[in-house]
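Below you'll find the structure, written out as structure tokens, and then a few comments.
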Amino acid sequence: FAKKNPNSIFRFYDDNINKEVTDFVDTYHLVKEAIENKWIVFYFQPIYDTNSLKIVSLEALVRIKHPTMGLIYPDKFINFLERSSFLADFERILFEKALSYLNRISDETGGNLNISINISVNSFRNGSIIDLCEKVSEEMRRFISIEITERVFAEKVDKIIGVLNKLNEMGFVLEIDDFGTGYSSLGYIDKMPVDFLKIDMSFVSRMAECKKTYAIVKSIIELAKGVGMKTIAEGVETKEQYDMLKSLGTDFVQGYYFSKPLPFEDILLKLKSK
Ligand code: C2E
Ligand code: MG
Ligand code: MG
Ligand code: MG
């Protein structure tokens, strides 16, 4: 390829850079418009108690509801958003919506659930998550579960553990997301004031076919028990996976086998029909 046309290799790079620039500009405008025009919406995916299959929490998953392009999923914009100057506005919207939905759940169903929200690594590293959390009234804090990906432990571990301690003292529920995929946090897992480990979908999806993956899931569950944490298995798609997770003692389950992420109104109907 390069031999036949020595210039082509340069053209290849040029095109790539141009595409990156266009993508960046497009994503920038998409996110900016979404925030300005209130196109940010959240879908909710229930987390269930493994044995009773009662819903214990709803994970808020962001989408952009675009007037012409339809529903846009986070894989198209979340990496950009988490590194952009729009992050503070976005996370403020996330907290406002979570609180208003929590109120609607207790008003309209009479029961109480948690809402699990995903918080970006950057808000943990710079500590801005604490300011957001301080604005939440004390009585509401235990109904908000904060998910942070295990990748947060790649850097500034002491600072991150400090932030986790602060949030724990403030009364929030804490979950490590994508557990098993990030920088091994084994060295300080006993120092983390965390309530839940979420076993990453990549393990769950392979555990029925691959003995080694099964062994990893089993060890994560034992590890969690050993340090006094509970486990949530995410991305459960089949009965076989559910049965295995149940017999291994996973505390909570989440995945398409039980429910896809749904608009809040649909979730509310589900809750009311019980
Ligand atoms: P996550 O927090 O690990 O969320 C799980 C993702 O897996 C969700 O995709 C969910 O729809 C999908 N999922 C759940 N069950 C199944 C299943 O059984 N099978 C399969 N194939 N997929 C399943 P989604 O909504 O596209 O979110 C992707 C990621 O985007 C999330 O991963 C999270 O890292 C990020 N994200 C979503 N909402 C927010 C947010 O509000 N803030 C931040 N910072 N990140 C967010
Ligand atoms: Mg999550
Ligand atoms: Mg997850
Ligand atoms: Mg995940």
Side-chain angles (χ1 to χ4, degrees), residues 41-63 73-74 94-95 97-106 108-119 140-150 167-168 171-181 192 194-205 207 217 220-221 223-225 228-274:
V41 297
F42 292 90
Y43 273 40
F44 292 87
Q45 187 178 34
I47 299 175
Y48 301 81
D49 179 284
T50 305
N51 293 308
S52 67
L53 289 183
K54 274 203 179 131
I55 297 177
V56 295
S57 188
L58 302 172
E59 181 174 5
L61 295 159
V62 65
R63 281 95 181 85
Y73 285 79
L94 170 61
F95 269 84
K97 298 233 178 188
L99 288 167
S100 96
Y101 287 136
L102 278 171
N103 284 325
R104 284 195 58 197
I105 293 169
S106 73
E108 296 181 40
T109 72
N112 280 318
L113 290 179
N114 270 46
I115 287 187
S116 302
I117 60 178
N118 293 282
I119 295 298
M140 290 309 282
R141 291 177 184 171
R142 67 195 166 100
F143 297 113
I144 295 190
S145 306
I146 295 178
E147 296 197 1
I148 182 72
T149 176
E150 193 190 28
L167 299 180
N168 178 45
F172 291 91
V173 178
L174 302 174
E175 302 175 6
I176 302 295
D177 209 348
D178 310 316
F179 190 79
T181 63
M192 293 197 267
V194 165
D195 308 280
F196 297 92
L197 297 184
K198 282 191 96 164
I199 305 171
D200 192 64
M201 179 154 46
S202 61
F203 299 113
V204 173
S205 64
M207 69 181 293
V217 173
I220 296 177
I221 295 165
L223 170 70
K225 286 216 171 88
M229 295 179 191
K230 303 224 161 187
T231 46
I232 305 171
E234 68 171 13
V236 182
E237 291 185 347
T238 66
K239 176 162 195 310
E240 194 182 13
Q241 291 163 356
Y242 170 54
D243 289 342
M244 280 183 163
L245 289 160
K246 193 173 172 176
S247 71
L248 286 177
T250 313
D251 301 287
F252 302 94
V253 285
Q254 182 184 27
Y256 292 175
Y257 180 63
F258 309 100
S259 172
K260 291 204 166 177
L262 296 170
F264 184 75
E265 304 304 326
D266 295 5
I267 290 280
L268 207 53
L269 286 178
K270 222 191 237 280
L271 294 172
K272 284 179 180 171
S273 73
K274 292 243 160 81

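In this structure, the side chain of Thr231 does not engage the main chain of Ile221 through any donor-acceptor pair within 3.5 Å. Thr50 places a side-chain N or O within 3.5 Å of a backbone atom of Phe252 that can act as its donor or acceptor partner. Proximity of a side-chain donor or acceptor of Glu237 to a complementary backbone N or O of Gly255 within less than 3.5 Å is not detected. Gln241 places no side-chain N or O within donor-acceptor distance of the main-chain N or O of Met207, the cut-off being under 3.5 Å. At distances below 3.5 Å, at least one donor-acceptor pair connects side-chain atoms of Ser205 with backbone N or O atoms of Ser202. Under a 3.5 Å cut-off, the side chain of Gln45 and the backbone N or O of Ser259 do form a donor-acceptor pair. With hydrogens and angles ignored, the 3.5 Å screen pairs a side-chain donor or acceptor of Ser57 with a backbone N or O of Asn114. Panel note: side chain Glu147, backbone Glu175; no donor-acceptor pair is recorded below 3.5 Å.
Annotation for Gly235 and Met201: closest pair CA-SD, 3.5 Å, computed over non-hydrogen atoms. Nearest heavy atoms, Phe143 versus Leu113: CD2-O, 3.6 Å. Pairing each heavy atom of Pro261 with each of Tyr43, the nearest pair is O-CD2, 3.6 Å. Listed here is the closest heavy atom pair of Thr109 and Leu271: CG2-CB, 4.0 Å. The minimum heavy-atom distance between Ala98 and Ile115, with the atom names listed, is O-CD1, 3.6 Å. Contact detail for Arg142 and Val173: the closest heavy-atom pair is O-CG2, 3.5 Å.
Ring centroid separation for the pair Tyr101 and Phe42 does not come in under the 6.0 Å cut-off.
Remark: of the listed residues Asn118, Asp178, Asp200, Asp178 is the sole one forming a side chain to side chain donor-acceptor pair (under 3.5 Å) with Thr149.
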Pair Ile148, Ile176 - check side-chain contact (heavy atoms from CB on, under 4.5 Å), show working.
CA-CA 5 Å; Ile148 182 72; Ile176 302 295; 4.0 Å; yes

As a quick check of understanding, evaluate side-chain contact (heavy atoms from CB on, under 4.5 Å) for Ile105 and Leu58, giving each step before the final call.
CA-CA 11 Å; Ile105 293 169; Leu58 302 172; 3.8 Å; yes

Show, in sequence, the C-alpha distance, side-chain angles and deciding distance for Ile119 and Phe95, and conclude whether the side-chain contact (heavy atoms from CB on, under 4.5 Å) test is met.
CA-CA 10 Å; Ile119 295 298; Phe95 269 84; 3.9 Å; yes

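Between Phe258 and Tyr242, the ring planes are perpendicular. Angles over 60° get that label, and only those under 30° would be called parallel.
Atom-to-atom distance recorded for Glu108:CD and Leu269:CG is 9.5 Å, nearest 0.5 angstrom. Note that the CG atom of Asp177 and the CD atom of Glu234 stand 5.5 Å from one another [nearest 0.5 Å]. Separating the CG atom in Leu99 from the CD1 atom in Ile117 is a distance of 8.0 Å, to the nearest 0.5 Å.
Electrostatic pairing of Arg104 and Glu265 counts as a salt bridge here, judged by a charged N lying under 4.0 Å from a carboxylate O. In summary, Lys270 and Asp266 do not engage in a salt bridge, as defined by a charged side-chain N under 4.0 Å from a carboxylate O.
Summarising the local packing, NZ of Lys230 is surrounded by 12 or fewer heavy atoms from other residues, nucleotides or ligands at distances under 6.0 Å.
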